[in-house]
Amino acid sequence: DKLAFSRRLASLGLPGPETHDARDEAAPAFTARSPFVVKPARASSGHGLSLHGAGEAIPERDLASVVQALLPGEECSSFSIAHAGRLLGTVVYRALILSGTVAVCFRRIEAPDPALLDWVRCFAERTTFSGFLSFDFRRDDAGRFLPMECNPRSTSGIHFVEPDDLARAILEPEAVQRLRFRDELVLQQFYPALTATQAAALRGDAWRGNLRWLLGCRDVSWQRSDPLPFLLMTPASWPILRRTIFEGMSFGEATTVDVGWYD
């Protein structure tokens, strides 16, 4: 619940972008003076998201929606594992290829913004959170990274964690002091990255940069000693791929269409 998340930040004393219920009487005054985003209160993968300039009318929606300040700066995401409020490790990464709003090729940031890391640590501590914890951040006018959304689940950053450490963090979190990362700084989900690149080429968008990453970095599941998970990904994922190819969905929408909260 994106509105509940914003209110939770306020109760925890943590900064976040200004956010209102789209039906609240304060919403029009806010949107009159600030560029804004409109999105369903309960949705993922960019489903139903729209961008608007200051002074534009708030679009009417059938679903409960929020309006949120449109932050102007660079965007990045974080993935953490926490246990009883203690962070075991945090990966910060940036999208290189997008399918809709979902990163399908991504680069780990080796030296993340310390203030961003401190924000994640404070959130985990003040909520005594246990499990996977992910955020999407963007810089505001003052240069601060603020969280646009919270994803209390695994996201693409999980692929950068050493598999042995990931297993220990799940099974024996008390014994883990710090997560180690894989050597690769850039990883991709090859098949959705390929689909996104093909779609960009067909639309006439810039796609050569995508092709460079597509051909130059490792798939998250590829192992020479165990190639079948990578090779069988296409037939195993055909219900998802069919939606992206024939129904015009982004990869993120296609993977969540049967579990999303849309009513």
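Remember, predicted model here, so these are calculated numbers, not experimental data.
- Side-chain heavy atoms closer than 4.5 Å link hydrophobic residues (I, L, V, M, F, W, Y) into clusters, and following such links, possibly through other members, connects V91 to V176.
- In this structure, CG on L96 lies 7.5 Å from SG on C217, to the nearest 0.5 angstrom.
- Looking only at side-chain heavy atoms (C-beta outward), F30 and V67 come within less than 4.5 Å of each other.
- In the hydrophobic clustering of ILVMFWY residues, with side-chain heavy atoms under 4.5 Å counting as a link, I158 and V220 come out together.
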Query raised in the report: Step by step, would you call L214 with W207 a side chain to side chain contact (heavy atoms under 4.5 Å, CB included)?
Result: CA-CA 10 Å; L214 188 71; W207 56 272; over 6 Å; no

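- In this structure, M148 and Q68 have side chains that are in contact, with non-hydrogen atoms separated by less than 4.5 Å.
- Aromatic ring orientation, F132 versus F79: tilted (interplanar angle from 30° to 60°).
- Nearest approach of P40 to L49, heavy atoms of both residues: CD-N, 4.5 Å.
- In terms of modelled atom types and a separation under 3.5 Å, the side chain of S134 and the main chain of R153 share a donor-acceptor contact.
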Query raised in the report: Step by step, would you call W119 with R144 a side chain to side chain contact (heavy atoms under 4.5 Å, CB included)?
Result: CA-CA 11 Å; W119 191 100; R144 302 176 301 169; over 6 Å; no

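- Between F137 and F135, the angle of the ring planes lies from 30° to 60°, which puts this pair in the tilted group.
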Report task. Test L70 against S34 for side chain to side chain contact (heavy atoms under 4.5 Å, CB included), laying out the working first. Result -> CA-CA 8 Å; L70 177 58; S34 172; over 6 Å; no

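- Under the 4.5 Å side-chain criterion, counting only non-hydrogen atoms from C-beta, R61 is in contact with P59.
- Within the 4.5 Å cutoff, the side chain of D140 has no heavy atoms near those of the P17 side chain.
- No continuous path of hydrophobic side-chain contacts links W213 to Y191 [ILVMFWY only; heavy atoms under 4.5 Å].
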Report task. Could you give me the CA-CA distance, side-chain angles and deciding distance for R86 and E125, then say whether salt bridge (Lys or Arg N to Asp or Glu O under 4.0 Å) is met? Result -> CA-CA 6 Å; R86 180 176 70 91; E125 288 179 351; over 6 Å; no

Requested in this report: Starting from the C-alpha separation in whole Å, work towards a yes-or-no answer on side chain to side chain contact (heavy atoms under 4.5 Å, CB included) for F106 and L187.
Outcome: CA-CA 6 Å; F106 18 79; L187 291 167; 3.9 Å; yes

Query - Pair R108-E184, salt bridge (Lys or Arg N to Asp or Glu O under 4.0 Å): steps then yes or no - result: CA-CA 8 Å; R108 178 168 64 85; E184 294 90 353; over 6 Å; no

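- Residues A103 and A95 share a closest heavy-atom pair of CB-CB, 3.6 Å.
- Remark: the backbone N or O of E162 is not paired with any side-chain donor or acceptor of R182 at under 3.5 angstrom.
- The 12-atom threshold is exceeded at CZ of R218, counting heavy atoms of other residues, nucleotides or ligands nearer than 6.0 Å.
- Annotation: the span from L241 atom CG to L194 atom CG amounts to 9.5 Å, rounded to 0.5 Å.
- Rounded to the nearest 0.5 Å, atoms CG (L87) and CD1 (I81) are 10.0 Å apart.
- Salt bridge status for R33 with E18: present, with a side-chain N to carboxylate O gap under 4.0 Å.
- A distance-only check finds a donor-acceptor pair linking the side chain of D165 to the backbone of R180 [under 3.5 Å].
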Report task. For R138 and E149, run salt bridge (Lys or Arg N to Asp or Glu O under 4.0 Å): C-alpha distance rounded to whole Å, both residues' side-chain angles, the deciding distance at 0.1 Å, then the answer. Result -> CA-CA 10 Å; R138 186 175 276 186; E149 298 197 356; over 6 Å; no

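- In this structure the side chain of F160 never reaches within 4.5 angstrom of the side chain of D183, judged on heavy atoms.
- A pairwise comparison of heavy atoms in F145 and C76 identifies CE2-SG, 3.7 Å as the closest pair.
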Do any side-chain atoms of residues 109-117 form donor-acceptor pairs under 3.5 angstrom with protein atoms, and if so which ones, sequence neighbours left out?
from: D113; atom 1: OD1; to: A115; atom 2: N; distance (Å): 2.7
from: D113; atom 1: OD1; to: L116; atom 2: N; distance (Å): 3.4
from: D113; atom 1: OD2; to: R139; atom 2: NH1; distance (Å): 3.4

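- Here the side chains of R42 and K2 are not in contact, with every heavy-atom distance at 4.5 Å or above.
- Between P173 and L88 the shortest heavy-atom distance is O-CD2, 3.9 Å.
- Here the closest non-hydrogen pair linking G13 and R126 is O-NH1, 3.7 Å.
- Using modelled atom types and a 3.5 Å distance limit, the side chains of S78 and Y93 yield no donor-acceptor pair.
- In this structure, K39 and V66 have side chains that are in contact, with non-hydrogen atoms separated by less than 4.5 Å.
- Linking ILVMFWY side-chain heavy atoms closer than 4.5 Å, directly or via other members, places L146 and F123 in two distinct hydrophobic clusters.
- Summarising the geometry, atom CD1 belonging to I97 is positioned 10.0 Å from atom CZ belonging to F190; distances are rounded to the nearest 0.5 Å.
- Note that CG of D1 is 11.5 Å distant from SG of C150, once rounded to the nearest 0.5 Å.
- A donor-acceptor distance shorter than 3.5 angstrom exists from the side chain of T31 to the backbone of A27, with no hydrogens or angles considered.
- Residues M233 and S221 have side chains in contact (heavy-atom distance under 4.5 Å, counting atoms from C-beta outward).
- In the hydrophobic cluster analysis, where Ile, Leu, Val, Met, Phe, Trp and Tyr join through side-chain heavy atoms closer than 4.5 angstrom, L133 is grouped together with L9.
- Atom CD of E25 has 12 or fewer neighbouring heavy atoms from other residues, nucleotides or ligands inside a 6.0 Å radius.
- Around CD of E60, the count of heavy atoms belonging to other residues, nucleotides or ligands within 6.0 Å does not exceed 12.
- Taking both residues in full, the closest heavy atoms of H52 and E56 are given as ND1-OE1, 3.1 Å, listed atom of the first, atom of the second, then distance.
- We find the CD-CG distance between Q223 and L228 to be 11.5 Å, quoted to the nearest 0.5 Å.
- The aromatic rings of W222 and F230 lie perpendicular to each other, with more than 60° between the two planes, well past the 30° mark.
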